[in-house]
Amino acid sequence: MDGDLSPLAGRDAASHLLERATATSVALEGVSKSYGGTAAVRDLTLQAGAGELLVLLGPSGCGKTTALRLVAGLESPSSGIVRIGSDVVNDVDPKDRDVAMVFQSYALYPHLSVARNIEFPLRSRHVPAAERTRLVGDVADSLRLSSLLERKPGQLSGGQRQRVALARAIVRRPKVFLMDEPLSNLDAQLRVDMRAELVELHARLGTTILYVTHDQVEAMTMGERVAVLNDGALQQLDVPAAVHDRPANAFVAGFIGSPPMNILRGRLVGEGDALFVAVPGGRLALGDELARAARRRDLDEVQLGVRPEALRIELGAAAVPVAGLLGTIAATVTLVELVGHEQNVACRLAGSQLVWVRAGAGGAPMRTGEPVVLGVTGPVHLFDPRDGARVEP
Amino acid sequence: MHSSPAGRRTRLVAGRVTRYALLVVMAVVVLFPIYITVVNALLPSAEIAHRPPVLFPTHPQWSTFSTAFSHAHLGIYLRNSAIVTVAITVAELVTSVLAAYAFAFIRFPLRNTVFVLCLATLMVPMEATVIPNYRTIEAFGWYNTFPALIVPFAASGVGIFLLRQAFLGIPRDLRDAAALDGYGHLRFLMRVAVPLSRPVLAAFGIFAFMGAWNQYLWPLIVTQTDSVRTVPIGLRQLSAANVNQIDVIFAGTLLGALPIFVLLIVFQRQLVRGLTAGSVKG
């Protein structure tokens, strides 16, 4: 496309744009927003530290875009405080908040050339013409747009439009970038490339970024921390590894991972000192700490969380080596998905619940309808079925 | 029914011949009156009433056109029409753009109610408003002045409706992006909304211009002297006064219609686009 494979081309020319900004923190403090009777955001409290890339992750309609628009000032909160740096900005106009937003649709002005689009925010701030030209040239260099400056947005590819939208956001060096699903209109390969490019850009600029996405892979690979939202409320705010390894509740567990964590209904069964979780078709032993925590909660029914990676398929019920396993579950193969060198296998338990298993393609080929035994290698997670909260060992 | 290639071609040709024949007939229906006007403008008055009618002037008298200016004050009428029409067109564009923007982009109480009221003005025929408008104009002391000809038409329900639709087609994200880029409503309107709606604006401007130029009833009622009479009224007065100068009236009619002809020829593409605006997005 551009023949230039380095996302950092033109780095020297744009050096003054690349110096790290004095970063600013962004915070929502107990913010709610409702439209009519419908709450889009409920009592949301989160803070992006100065220079942090914080991802807001959640399914569509979870309120993440509303949260972003509240920071931008495009919506005003029904209650709560929006803070940029140490300033409360609830009553500050969008244009005076010094934030730049990249829209999912890119929101480029179709009648203006790329150059005019990029300098649009500079014109409104009465930057002198010579300075505008220099800034546009620099930012265009750094985003490989120099040869496209005279084109109209309609003549650009999706990836190029995306970079123009970024350039328009970067050119005025805002305190905070707000990005609303900026990659979701790109095709898969380009999305992977842009992901890396955005992370590099963030590293270069050091500007605080609030990044909204529904794509958990994007969230996990890009975010320094990830805020998982559902139904307008914050579910968990932590580094990606923690969100993956210690999900705060059954929703987060079921949202993160590809395929996501299996959540099975089970019952706690004590046998002497040991505690087991019984699920249809099998049972598995809980480690000491998890067992203690479950006992403390006085649980009877539990939700058992097992990642597809924590399961192993054993063909034929007889040949199961129990050593090293937490337990086994009998199931029937219902669907086999080949994903490159791996296969994702969906199995149905006796109680008709569906379980995904991640299996290497090297193993024996699976056939649908085949009875199998699932070996649980661990780790497993327990959630309280009353509120979905994690049982912390 | 057999369908040899030859038979199919015959039918194809027949179809095309029929289509062109119909188009020719329609063209004649439209163009013939214009042709007769041209012929009559070039004939001496005496020959215009000739039976059978003269369809081709053997000795065209071009002097009628200059007579229209010297005798019939056509120059003044044209000037008056130009002043009134340009003023109305500009006023309609400005008021429609501003009102349509508010209806499309700004939330305010009773927005829809007010918009429906604007639309409702389209349902009221001109004849029904003539008398109240006349009394208003009279009360303002505007009788026989340019404001009487211009102000009642300074706003347009059609214009507001057309432009609101055009503005609603502008993605909301553009407004939001512009707000973050530091553009208030007025600057967003001028820098983004208006440029993006140019085809609709052009089409509406042309319609407004034609409507204003061809107005008859209202200017007839509120004017009394040649100093403010527009082309249609001036010619009408002329024909009532001088029956023997009917050739001059024909010449005046042609000259009076000229600006519209030019406008239509220059802007026909925008006109068609404006007429079909909203039917197919693109």
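In the text below, chain A, chain B and the rest are named by the order of the sequence lines, each starting its count at 1.
Within a 6.0 Å sphere centred on CE of B:M190, heavy atoms belonging to other residues, nucleotides or ligands number 12 at most. In B:Y216, the OH atom is crowded: over 12 heavy atoms of neighbouring residues, nucleotides or ligands sit closer than 6.0 Å. In B:F108, the CZ atom is crowded: over 12 heavy atoms of neighbouring residues, nucleotides or ligands sit closer than 6.0 Å.
For the pair A:P110/B:L174, a side-chain contact is recorded, criterion being any heavy-atom separation below 4.5 Å from C-beta on.
Both the backbone and the side chain of A:F120 come within contact range of chain B, each with at least one heavy atom under 4.5 Å from a heavy atom of that chain. Of the two parts of A:L108, only the backbone, made up of N, CA, C and O, holds a non-hydrogen atom closer than 4.5 Å to a non-hydrogen atom of chain B.
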Below 3.5 angstrom, are there any donor-acceptor pairs between chain B and chain A, and if so, which atoms and how far apart?
| from | atom 1 | to | atom 2 | distance (Å) |
| --- | --- | --- | --- | --- |
| B:D173 | OD2 | A:S105 | OG | 2.5 |
| B:D176 | OD2 | A:R69 | NH1 | 2.9 |
| B:D176 | OD2 | A:R69 | NH2 | 3.1 |
| B:A178 | N | A:Y109 | OH | 3.2 |
| B:L180 | O | A:R172 | NH2 | 3.1 |
| B:D181 | O | A:S124 | OG | 2.5 |
| B:D181 | O | A:R125 | NH1 | 2.8 |
| B:D181 | OD2 | A:Y109 | OH | 3.1 |
| B:Y183 | OH | A:F120 | O | 2.6 |
| B:Y183 | OH | A:S124 | N | 3.4 |
| B:R187 | NH2 | A:S124 | O | 3.4 |
| B:R191 | O | A:H111 | NE2 | 2.7 |

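Within residues 82-95 of chain B, no residue approaches chain A closer than 4.5 Å by heavy atoms.
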